[in-house]
Amino acid sequence: MAELDLSDKTNLIEGAVGDVVTAFLSNPPADVPSEVIEALSLHMASNDASLPPRLFYEVVEHLAVAISITDTKANILYANPAFEQLTSYHSMELVGKNQSILSHKKTPKAMYEQLWAALSAGKKWSGTLLNERKDGAPYLADLTVAPVFSEDGQVTHYLGIHRDVTEMTLLQTRVHNQKNMIETVIDMAPVVIAMLDENGKVMVENSAYKVLMTDMGGREPVDEFFTVLTDVLGENFKGLRKKRRNFDSVEIRVDVGGAKGTRWFSCSGTWVDNEEITADAYFDKKRRSGLLLVCTENTKQMRHFEEAKTNAIKALMAEQQASEGISEIVSAAIFQLQGPINMISAAVELLDRGAGDPENLKSLLKQVQHSGQEALERLQDSMPDSAREPRMPVNINELVREIMDITFDRLLRENVVVSWNPTPILPAVMGRPNALRSMLKHLVDNAVDAVNEPGASDREFSIVTHATKDGQVQVIITDTGPGMADAIRTKAFEPFFVGWQKKRRSRSGMGLSIVQEVLNDHGGSLDVFNEFSGGCRITVTLPVDHDGGWGHHE
Ligand code: FAD
């Protein structure tokens with residue numbers, strides 16, 4: 001049998017090609033596909049330059065895809081250079097061997113059975129097999145096998161075409177895994193996420209978005225959000241898209257309707273460019289903008305904040321009512337005392353003139369006594385029944401948090417920093433929440449006023465809560481103000497005393513006296529220390545289970 005190295009193109013293309021091919025054709029190796037022999041014969045016989053059969057042969061030789069031709073038992077008769085390169089076998093090692101030389105034992109038998117079932121039925125088969133190279137290295141082969149028929153319809157050969165798709169497949173798997181992971185994270189995220197196309201239509205949404213949509217009775221949440229966002233940002237979706245304007249943490253409230261009522265969200269939007277994935281966009285890159293909308297729900301915090309505000313307003317109203325009551329009583333007292341005082345003045349005048357008849361004077365003094373008595377009785381009668389709020393278990397941390405919430409704007413405005421360190425688990429104090437709220441509000445207001453005083457070292461104060469071993473709760477407020485001078489400390493708890501250097505119209509001087517009254521009512525106490533570093537430390541101590549002696553008043 002003549003020896004022919006089909007892989008050596010230089011033999012075929014240059015010089016000796018004619019001799020080699022002639023020798024080959026004179027005694028072709030057994031089972032060389034008739035198509036190959038036919039093509040070569042045609043080439044040798046033809047001087048026609050238009051698409052000579054050799055051209056087809058050259059094409060197969062140059063193809064970057066592995067091509068093999070086998071007999072009907074899958075014994076290799078021909079393998080092109082790309083096949084050699086991919087498998088690391090030389091074609092001479094391949095010719096005569098079965099295609100199973102490439103088989104890797106991890107390929108399921110069923111794959112080969114499918115392949116052979118198709119070929120046996122005269123059909124082509126495509127699929128992915130696990131192959132191994134000469135050195136045993138595995139690779140994924142995307143294989144197509146097809147039967148080659150003789151003129152009388154008999155299968156004479158099989159044609160195999162395969163590519164190494166390992167990298168592509170692994171890449172696809174990696175992309176798929178990443179996509180899966182990202183989708184799961186987005187879907188599980190406890191925030192509402194939606195990707196909008198350039199017309200504001202939702203392209204992708206997560207579970208939280210879908211739940212919100214159900215809560216909204218099927219209305220599109222994005223539409224509701226943009227009605228509010230347009231107001232807040234002063235621009236609608238189109239305007240934002242034109243300027244590619246992103247936005248961050250925009251607080252909005254949406255009336256969801258139904259049982260859920262008003263809900264609060266903090267929304268951020270980021271414009272994202274997507275490349276169009278059509279074939280004609282490969283060279284002519286087309287970008288489409290989309291908006292990634294991420295909305296974090298703040299409803300719980302906002303409800304808490306609103307509640308704190310309502311509670312604080314209630315406390316302040318109760319306090320205002322109390323002080324209005326006091327001023328009413330004081331006015332009434334002034335009016336009632338006016339009579340006896342006028343009589344005393346008249347008596348003094350009589351005495352001054354020396355015209356005082358002791359009997360007259362005596363009866364005048366009796367009248368003074370009488371009208372004084374009457375005034376006292378009337379005042380006592382007009383004392384309002386104090387409808388004190390009932391006592392209940394109160395979490396002091398919660399009250400401090402509420403006061404911090406409602407003082408937040410002022411702190412921000414006045415650039416005051418607070419460090420708030422609650423003891424995580426604090427026993428509940430049996431007390432009157434509104435009274436305790438106003439007590440804490442006065443103390444916090446005082447701390448802010450203190451750091452605003454001349455001589456304050458920093459604009460900071462701290463609040464610490466603490467449970468003592470003997471079952472008391474302490475609130476310690478330490479400011480960086482000028483501290484409390486001894487002279488002021490003795491008077492600070494008197495009603496209407498104002499010791500601030502910086503006068504403020506809003507301060508009536510009742511703060512600390514109200515604090516003292518609330519503490520008396522709760523069996524608590526207050527200590528004032530001047531810190532070494534300047535500033536004032538106020539420690540309020542409240543017993544946890546004090547019945548305050550007022551159990552029987554209620
Ligand atoms: P085999 O005994 O060869 O085959 C397994 C089963 O296939 C058998 O039990 C039988 O049911 C069926 N089968 C085998 N031969 C025939 C037949 N002549 N007629 C009908 N059914 C039959 N395999 C690869 O692993 N990688 C390749 O890249 C690859 N390329 C191929 C290209 C061509 C053109 C052809 C025709 C086959 C190719 N094969 C390839 C299949 C290969 O010939 C083997 O069938 C396969 O590798 C399994 O080998 P095996 O020794 O484990 O089992």
Side-chain angles (χ1 to χ4, degrees), residues 1 4-9 24 28-40 53 56-173:
M1 192 172 76
L4 175 72
D5 182 359
L6 285 175
S7 70
D8 189 353
K9 279 182 296 197
F24 171 74
D31 290 330
V32 168
S34 57
E35 287 82 353
V36 175
I37 294 169
E38 208 176 306
L40 288 173
F56 293 103
Y57 179 72
E58 285 291 321
V59 168
V60 174
E61 284 278 298
H62 284 98
L63 274 180
V65 61
I67 294 190
S68 60
I69 297 170
T70 73
D71 64 13
T72 50
K73 291 190 177 93
N75 295 315
I76 299 169
L77 303 172
Y78 166 77
N80 74 344
F83 193 109
E84 291 179 306
Q85 207 180 351
L86 176 57
T87 62
S88 308
Y89 286 105
H90 192 274
S91 73
M92 291 317 287
E93 297 174 271
L94 292 166
V95 172
K97 300 271 165 39
N98 194 279
Q99 281 274 177
S100 63
I101 194 172
L102 301 180
S103 164
H104 189 286
K105 62 177 181 335
K106 282 197 176 158
T107 306
K109 277 259 172 266
M111 296 298 286
Y112 304 128
E113 282 165 14
Q114 282 173 21
L115 178 156
W116 284 110
L119 291 182
S120 305
K123 291 180 185 154
K124 72 170 187 169
W125 179 88
S126 296
T128 305
L129 301 178
L130 185 62
N131 274 1
E132 59 182 41
R133 296 178 223 277
K134 189 178 174 182
D135 62 0
Y139 69 94
L140 287 166
D142 176 35
L143 170 71
T144 297
V145 282
V148 179
F149 297 96
S150 64
E151 271 175 12
D152 58 356
Q154 294 298 308
V155 173
T156 57
H157 301 88
Y158 291 123
L159 177 68
I161 304 168
H162 83 275
R163 282 182 312 131
D164 178 358
V165 290
T166 315
E167 240 173 74
M168 171 87 83
T169 311
L170 295 186
L171 197 71
Q172 274 173 352
T173 314

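Whatever order the structure lists them in is the order used to number ligands and atoms, beginning at 1. Since we're looking at a predicted model, the values are computed, not measured.
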Are the side chains of Tyr158 and Val148 in touch, meaning some heavy atoms are under 4.5 Å apart? no

Contacts of type side chain to side chain contact (heavy atoms under 4.5 Å, CB included), residue Gln172, not counting sequence neighbours: Met168

Less than 4.5 Å apart, side chain to side chain, heavy atoms only: is that true for Leu77 and Thr70? no

Applying side-chain contact (heavy atoms from CB on, under 4.5 Å), run through Lys134 and Thr87 and close with a yes or a no. CA-CA 6 Å; Lys134 189 178 174 182; Thr87 62; over 6 Å; no

Give the table of side-chain donor-acceptor pairs shorter than 3.5 Å for residues 114-132, with sequence neighbours excluded, one pair per line with atom names and distance.
{"residue": "Ser120", "atom": "OG", "partner": "Trp116", "partner atom": "O", "Å": "2.6"}
{"residue": "Ser126", "atom": "OG", "partner": "Thr144", "partner atom": "OG1", "Å": "3.1"}
{"residue": "Asn131", "atom": "ND2", "partner": "Tyr139", "partner atom": "OH", "Å": "3.3"}

For Ile67, check side chain to side chain contact (heavy atoms under 4.5 Å, CB included) against everything at least two apart and list the hits. Val60, Leu63, Val65, Asn80, Leu159, Ile161

Heavy-atom cut-off of under 4.0 Å around ligand 1: list whichever protein residues fall inside it, by chain and number. Thr70, Thr72, Ala74, Asn98, Gln99, Ser100, Leu102, Ser103, Lys109, Tyr112, Trp116, Leu119, Ser120, Leu129, Asn131, Leu143, Val145, Tyr158, Leu159, Gly160

